[in-house]
Each structure stands twice: as C-alpha cells, then as structure tokens.
2 protein chains.
Amino acid sequence: MTQINFRPADGVKGAPTSCANCRLIDICLPLSMQLDDIDRLSRIIQHRRPLQKNQYLYRVNEPFRSIYAVRSGTVKTTILSESGHEKITGFYLPGELVGLDGIAENRYTCSVVTLETTSVCEIPFVQIEALSAQMPSLQRNVLQMLSREISHDQQRISLVSKSSAEQRIAALLVSLSRRYEARKLAAHEFSLPMSRTDMGNFLGLTVETVSRVLSRLQSQNTIHLNRKELRILDFALLLEIAEDSR
Amino acid sequence: MTQINFRPADGVKGAPTSCANCRLIDICLPLSMQLDDIDRLSRIIQHRRPLQKNQYLYRVNEPFRSIYAVRSGTVKTTILSESGHEKITGFYLPGELVGLDGIAENRYTCSVVTLETTSVCEIPFVQIEALSAQMPSLQRNVLQMLSREISHDQQRISLVSKSSAEQRIAALLVSLSRRYEARKLAAHEFSLPMSRTDMGNFLGLTVETVSRVLSRLQSQNTIHLNRKELRILDFALLLEIAEDSR
DNA sequence: GCCGAAAATTGATTTGAGTCATGACAAGTG
DNA sequence: CACTTGTCATGACTCAAATCAATTTTCGGC
C-alpha cells in the first residue's frame, strides 16, 4: 500500500510548515497568491493530528469556527434527512475545502466524516476575515473557493440525477479520475476511497446495483477492479457511458 | 391570474428604487443590513426590463460581470453535458441569487433561462467588490449568500438522489412550498413555475413518470393539481413521502 | 493465525420506471 | 375559424433496478 504523502514539508513533526511547500498549492486556497501573502496565510493555519477512519471532523449544527482543507486522505459530507437517515452529498479529496456551508448560519449544515486516515489544515474563520481585510488576494481567493464549490455542487447535481445506474457510476469514476489528474496523480489507476455502500448512498442506488454495475464494467473491459484498486482501461468509453444521455 | 407584484416601489417606471422598499428584503442580499448601507447598495443595482418566458439571462462561458437577484418570476439554471444535453441544476424564486458560480473562473459555468416573465436586479460584481471593501456588512452578506447557496446545493443533491420517483417529486414540492412560505406567500397553494419536462429533467425522471406520479398523488388526495395550479392537501403526508427513506 | 463481524458479490424474483404509442386539451398562428 | 404545435395524461409492454436471500471475501481484534 504505497500511500502518497501530502505532508507539506519534511520538517520535524508538528513543526510549523508553510503552504509554500505544499504540493497542493496549485489547487488549494493559496492558489496564485504571492509568496509573502502565502506566508501570512500559513501562519493562521493550524495543523491537526491526523484523524483515523470514520471519525467526524465536525457535525451538523455545531457552531462554525473554521474551514478545513483536506491535506491527505478523503472525507465525505453528509446531511441528515428529517427521518434521521444520513445522506452523502459529496466526497472531498486533498486540496478541497469543507466547512464553507457554515458561514451563512454560523453553524455547519452538514457533517464531515473521514473515509480513511485523513489530515486537514484548519483555518479559523475569524482570522480569515481579519486577514482578508488587509489582503485583497486572500479575500478574492476565499470568494473564488466558495464560487468554485457552487460550480462543483452543480456538477454533482447533474451527476446524481443521471437516469441510469451505469451513467451515474461511470460519471462518478470519471469525476474522481479527473480530480486525481488535477492533483498530478495517476488518473487511470487509483484506489476508490469510499465503500460500495457510500457510493450507493451518494448516487441513490442500492449496494447490490453498485456492485453489479462495477462487475459489468469490468467484464466489458472498461475498468479493472480489485477490491478498491481501480484501473480505468477505457476512459473514452467510460466518459461516453457517463455523458451519453437520452 | 393574480400575479403578485414584486416591484420594489410604486415610483415612476424606470425611476431609481431602493432595496429598502422591496418586500424581499428579509431574504435577499441586503438581509439584516443597516438602512444607510442598504441605500448605498441600492445605488449600484441596475433594474433591467423584464424578460419574457424562455429567455436567457446569460449563457455558460459568457464573461462574468454581474450577479442577479430574481425580483419576480422564476428561472432555471442549466449546464451542458459533454454530449450536448442540457441538464437543469436548479430553480430560483424571487429573492434568490444566480450568477455566483461565475466568480471563480470569471465566466459563468451555467446558463440561466426564465420559466415565465421574470425581472431581475443586476448587481455588477466589480462594484460589489469595491463597495464591500468599505462596507463590512456587505462583504459579510456576500459571503453568506455564497455559503447559503452551497447549503442549498447540498439539499438539492440529496433531493435528486432520492431513490424513488415519488420521493423526488414529493421532495421538490415540499421544497417549493417552504420557499414560498419563506416569502410570505401561500405555502399550500401556488402555481408550479416549471413544465413537467423541466421537473423530469431536474429530477432525472421521464415526463411520463412525472405525470403519472402527480396523478397518483392527486388520486390519493395528497395534492390537487389543475394544469399548473397546485394545492397541497396533506402536507404532512407529502413530507413523509419525501423523507421516508429506506 | 483464527475468529467473528462487516462488506461485497452473486442469484432469483418482484416491482417500478422507461419506452412507445395514442389521445386530450390548451395556446398560438395564418 | 380551422389548423398546427406543444404540453400533458394514460395505457400496454419491456427492461432495469430494488428486494430478498445466500454465499464469499475482507478486515479488525484477540
């Protein structure tokens, strides 16, 4: 299991590190900021100890304090339906931010759960506000990250409302692939961070259907799947399945 | 057809009006701002002539200039799949903002189409930025509106990924009902602003299924529907159908 | 390494939504 | 006004996904 390490620097464990050394700099909040601005931003970021699998980063209705950047690992966001059922609304990879939903009501409107061992950068919101009052580049970036999240959410809506199970699953795999690619990781060979159950929950399908569709895609040589290790054999076809709409 | 008038003031047509007189003030961007701040905000808002049904407010990839508040009428946002198929990602009622997705890339990532005659308030983004640099209340409100949109998008994801057609349709009706209620309009008797086709597109269902489910809900006396005029007869049941999840 | 629990796969069957086809109705057009 | 056009409703039929059930595989703890 060759887990890629997103630790920003090789410094002493727990020592302060800077976003300037982080390999996610082209994707994450400091995106296209000046070096000295990045350093000022880095100083307000808190590095937490990594969370084990299935831990809550925060829960719905907790008071909003911070936004978080996933540094390594993967998380899911969940909302609670009025009947008490948990519904997954998204998966977040390294460099993606969670907690942005908390700004409006000053408390989180969803919960965040780790899918594997995950470390995050915590960015206290009052400090973001204070700093961005003096730093237009940060203010602009915060707005951009929120806006980007809205675009992504819309993509997600179109993903989960696709008509067939095959389309939805193909579209999820394509989405993951592209996001790994943007992180300069292997786009056609990666590990699915979530369980089949989670995929089904997110996509509005039963586990059995997820399992069957994955098997079918495998028998057609579109993908190869060994437990969670995915290899995309025919990306073009996968994309066609995902997009080919009635 | 008693169309409720959202025109902010009774002034001369085209004369400058203020958000202070608008009945959407508790919902829209100026939410909980001071009166003098509201006046300053009002001055940068441009009132466009109303758009007829099926007109584009803007199209995907157009350069981002403004965000828009729906003043009266209804719009839908659509994104284009790679296969060229249009997918509806949301419906927006008076007091809701569209265009927030444009901030990140400086161009819109979706298109906005009117579902009926609609008027909007245009708010040029450079002016928002300039003004919010001097007006913390506005800066905060802009962030809150973006954050709120993210929460709503997550709700929408959970809505469209529900498992059965009945659940999805019930959930959409509940959502509309609550949003009309928040606008102090009749929550249990309103006109569906979108066609059956649009409902189906948004929910990932065929028109026929939409039609059949609506008929079924009607024959069970959960709703009464005459063309687009909807009366919710048993809201509790409708909510139960929407939320009752496996 | 072994055990029990959880997760995933696979099969058989049922059910619900899609597809195709037709007709009703309303709105718009010449 | 007749005629077209678009929207919606409904029926017959098919097919895909849910459900129910039984194994198999994987994984965490001892």
Side-chain angles (χ1 to χ4, degrees), chain A residues 1 3 52-55 76 85-86 88 113-117 160-173 191-220 223-230 241-242 244-246, chain B residues 1 52-54 76 85 88 113 115-117 160-173 191-220 223-230 241-242 244-246:
Chain A
M1 173 146 7
Q3 177 81 20
Q52 298 299 310
K53 184 175 173 171
N54 284 323
Q55 303 294 303
K76 61 180 173 187
H85 200 78
E86 256 192 4
I88 296 169
V113 183
T114 57
L115 294 177
E116 55 191 320
T117 303
V160 299
S161 72
K162 284 181 190 297
S163 33
S164 80
E166 209 166 45
Q167 277 194 312
R168 283 184 240 183
I169 288 175
L172 175 59
L173 299 183
S191 182
L192 292 174
M194 74 291 287
S195 68
R196 308 286 194 266
T197 308
D198 281 346
M199 288 180 68
N201 181 315
F202 175 60
L203 297 173
L205 302 171
T206 59
V207 210
E208 294 94 323
T209 300
V210 172
S211 182
R212 271 188 263 267
V213 170
L214 288 174
S215 299
R216 201 188 317 154
L217 289 172
Q218 174 150 233
S219 71
Q220 294 164 184
I223 63 172
H224 181 271
L225 189 57
N226 184 322
R227 184 124 192 81
K228 304 212 155 181
E229 298 306 316
L230 174 73
I241 294 169
D244 213 50
S245 58
R246 67 194 153 121
Chain B
M1 169 132 29
Q52 298 299 310
K53 183 175 173 173
N54 284 324
K76 62 181 173 186
H85 201 78
I88 297 169
V113 183
L115 294 176
E116 55 190 321
T117 303
V160 299
S161 72
K162 284 181 189 297
S163 32
S164 80
E166 210 166 44
Q167 277 194 314
R168 283 184 239 184
I169 288 175
L172 175 59
L173 299 183
S191 182
L192 291 175
M194 74 291 285
S195 67
R196 309 285 193 269
T197 307
D198 281 346
M199 288 180 67
N201 181 315
F202 175 60
L203 298 172
L205 301 171
T206 60
V207 210
E208 293 95 323
T209 301
V210 172
S211 182
R212 271 188 264 264
V213 170
L214 289 173
S215 298
R216 200 188 316 153
L217 289 173
Q218 175 150 234
S219 71
Q220 294 164 184
I223 63 173
H224 180 272
L225 190 56
N226 184 321
R227 189 139 185 77
K228 302 213 157 181
E229 298 305 316
L230 175 73
I241 293 169
D244 213 49
S245 58
R246 46 173 183 147

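Sequence lines set the chain letters: A, B, ... in the order given, protein chains first and strands last, and positions in each chain run from 1. Please read these numbers as outputs of a predicted model, since none were measured by experiment.
For the residue pair B:V213 and B:E166, the shortest heavy atom distance occurs at CG1-CA, 3.9 Å.
The interatomic distance linking A:N54 (CG) with D:dC27 (P) rounds to 14 Å, in whole Å. Atom C1' of nucleotide D:dA9 and atom CE of B:M199 are separated by 14 Å, given to the nearest angstrom. B:L115 has its CG atom 16 Å from the C1' atom of D:dG6, to the nearest Å. Rounded to a whole Å, the CG atom of A:L192 is 15 Å from the P atom of D:dT26. Straight-line distance from the CG atom of A:N226 to the P atom of D:dT25: 12 Å, rounded to whole Å. Rounded to an integer number of Å, the gap from CG of A:L205 to P of C:dG16 is 17 Å. Put simply, CD1 on A:I169 is 14 Å from C1' on D:dA18, counting in whole angstrom units. The interatomic distance linking B:N201 (CG) with D:dT7 (C1') rounds to 16 Å, in whole Å.
Side-chain atoms of A:T197 never come within 3.5 Å of backbone atoms of A:V207 as a donor-acceptor pair (strictly under, hydrogens ignored). Using a distance-only test at 3.5 Å, with no hydrogens or angles considered, no donor-acceptor pair links the side chain of A:D198 to the main chain of A:P193.
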Inset, instruction - For nucleotides 6-13 of chain C, just jot down a letter per nucleotide in 5' to 3' order: B, S or -, based on protein non-hydrogen atoms under 4.0 Å. - result: --SBBBB-
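Scored by the side-chain hydrogen bond (donor to acceptor under 3.5 Å, both in side chains) test, B:T209 finds B:T206 as partners (sequence neighbours excluded).
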Inset, instruction - Decide side-chain contact (heavy atoms from CB on, under 4.5 Å) for B:I88 and B:M199; before the verdict, give the C-alpha distance in whole Å, the side-chain angles of both, and the deciding distance to 0.1 Å. - result: CA-CA 9 Å; B:I88 297 169; B:M199 288 180 67; over 6 Å; no
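Rounding to the nearest 0.5 angstrom, the gap separating the NZ atom in A:K162 from the CG atom in A:L172 is 11.5 Å.
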